[in-house]
Amino acid sequence: MENTHTKILFKYYSDYLEDNVSETMWAEIIDLEKGHFRLDNIPFFGPLIATDDLFLAEYDETEKRLVFKKTLQSSGNSIVQIVILDKEFDKEIIIEKLKAINCLSEALNDTFLSVEIVRDIDYSIVKGLLSEYEELETIEFAEPCLSDKHRTDLLKN
């Protein structure tokens, strides 16, 4: 992965943590000279970028590494964050239900997940599932990076 991918530093304000955050994520090298990369990670804390988005990164002398500058092209994918509120709830249940509708997730710990919703998925199905758990006060979820395509999915219902 080292020859085709590199780690990029993302610095942003996280609404979830209510603080400035630094997060490194893997990206596919598209054009190193131009600084073009494609995100190959599920972000945890909510920069306005999703997996497969094309973005610009530049070498930062202070950080001594490549740092995200801006998104160049959206993939149409979205990122949703889930916080498990019910301490007795096994997060694997929701991970498996999301996987059944082709949504991958990464767990930061026992109570926090970040979920990738690819462009082809009808987001109203995902939101329906998450809303059911939210109504039961099992989880809370946030939509820090919802693509235009997924916003349109919600308008159809």
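The analysis underlying the following values was restricted to heavy atoms, covering all of them including side chains, and did not include hydrogens, waters or symmetry mates.
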Could you list the residues that satisfy side chain to side chain donor-acceptor pair (under 3.5 Å) with Glu143, not counting sequence neighbours? Tyr123, Lys127
Name all residues meeting the side chain to side chain donor-acceptor pair (under 3.5 Å) criterion together with Lys97; count only those two or more places apart in sequence or in a different chain, and write none if there are none. Tyr133
All heavy atoms of Ile49 vs all of Phe68, minimum pair found to be CD1-CE1, 3.7 Å
Are the side chains of Ile139 and Ile84 in touch, meaning some heavy atoms are under 4.5 Å apart? yes
Test your reading of the model: is there a side-chain donor-acceptor pair from Ser114 to the backbone of Pro43, 3.5 Å cut-off? yes
Under 3.5 Å: donor-acceptor pair, side chain of Gln81, backbone of Phe44: yes
Hydrophobic clustering (ILVMFWY, side-chain heavy atoms < 4.5 Å, transitive) - are Tyr59 and Ile30 grouped together? no
When every non-hydrogen atom of Glu116 is compared with those of Asn77, the smallest separation belongs to OE2-ND2, 4.2 Å
Are Leu98 and Leu129 close enough, and set up right, to give a side chain to side chain contact (heavy atoms under 4.5 Å, CB included), and what steps lead you there? CA-CA 8 Å; Leu98 287 164; Leu129 171 70; 3.9 Å; yes
Just verifying a value: how many Å separate Trp26 CH2 and Ile8 CD1, rounded to the nearest 0.5 Å? 10.0 Å
Nearest 0.5 Å please: distance from the CG atom of Asp90 over to the CD atom of Glu96. 9.5 Å
So do the side chains of Glu134 and Glu140 get within less than 4.5 Å of each other, counting heavy atoms only? yes
With rounding to the nearest 0.5 angstrom, report the CG to OG distance, Asp148 to Ser74. 7.0 Å
With ring centroids as reference points, do Phe10 and Phe55 lie under 6.0 angstrom apart? yes
Other residues, nucleotides and ligands only: do more than 12 of their heavy atoms fall within 6.0 Å of CD on Glu137? no
Rounded to the nearest 0.5 angstrom, the NZ-CD1 distance for Lys149 and Ile117 is 10.5 Å
Listing request: all salt bridge (charged side-chain N to carboxylate O under 4.0 Å, His left out) pairs with a residue in residues 71-88, at least two apart in sequence or in separate chains. none
Decide yes or no on side chain to side chain contact (heavy atoms under 4.5 Å, CB included) for Thr51 and Asp40, but give the supporting numbers first. CA-CA 6 Å; Thr51 48; Asp40 197 18; over 6 Å; no
Working note: Thr71 + Leu48, criterion side chain to side chain contact (heavy atoms under 4.5 Å, CB included); need CA distance, chi angles, decisive distance, verdict. CA-CA 8 Å; Thr71 302; Leu48 294 177; 5.9 Å; no
For the backbone of Arg119 and the side chain of Ser78, can you confirm whether one donor and one acceptor N or O come within less than 3.5 Å of each other? no
Are Leu154 and Val126 linked, directly or through intermediate hydrophobic residues, by side-chain heavy-atom contacts shorter than 4.5 Å (ILVMFWY only)? yes
Do any pairs count as a salt bridge (charged side-chain N to carboxylate O under 4.0 Å, His left out) and have a residue in residues 104-115, sequence neighbours left out, and if so which ones? Lys91-Asp110
Heavy-atom closest contact (Asn41 atom, Thr24 atom, distance): OD1-O, 4.5 Å
Not counting sequence neighbours, list each pair that qualifies as a salt bridge (charged side-chain N to carboxylate O under 4.0 Å, His left out) and has a residue in residues 52-64. Lys11-Glu63, Glu61-Lys64
Nonpolar side-chain network containing Leu104, other nodes, edges under 4.5 Å: Ile42, Ile79
Would you indicate whether the side-chain heavy atoms of Leu113 and Ile95 approach each other to under 4.5 Å? yes
Other residues, nucleotides and ligands only: do more than 12 of their heavy atoms fall within 6.0 Å of NZ on Lys99? no
Joint cluster assignment, Leu72 & Phe37, ILVMFWY side-chain distance < 4.5 Å: no
Look only at the side chain of Asp122 and the backbone of Ser124, and say whether a donor-acceptor pair between them is shorter than 3.5 Å. yes
Following the transitive rule for hydrophobic clusters with a side-chain heavy-atom cut-off under 4.5 Å over Ile, Leu, Val, Met, Phe, Trp and Tyr, establish whether Leu66 and Tyr12 coincide in one cluster. yes
Does one hydrophobic cluster hold both Phe141 and Leu136, with members joined at side-chain heavy-atom distances below 4.5 Å? no
Are any side-chain N or O atoms of His150 and backbone N or O atoms of Val118, one a donor and one an acceptor, separated by less than 3.5 Å? yes
To the nearest 0.5 Å, what is the distance between CD1 on Ile82 and OG on Ser105? 7.0 Å
Between CZ on residue Arg65 and CG on residue Leu9, distance to nearest 0.5 Å: 5.5 Å
Return yes if some donor-acceptor pair links the side-chain N/O of Ser147 with the main-chain N/O of Gly76 below 3.5 Å, else return no. yes
Kindly indicate, with the supporting measurements, whether the criterion side chain to side chain contact (heavy atoms under 4.5 Å, CB included) is fulfilled by Ile29 and His5. CA-CA 5 Å; Ile29 300 166; His5 290 69; 5.8 Å; no
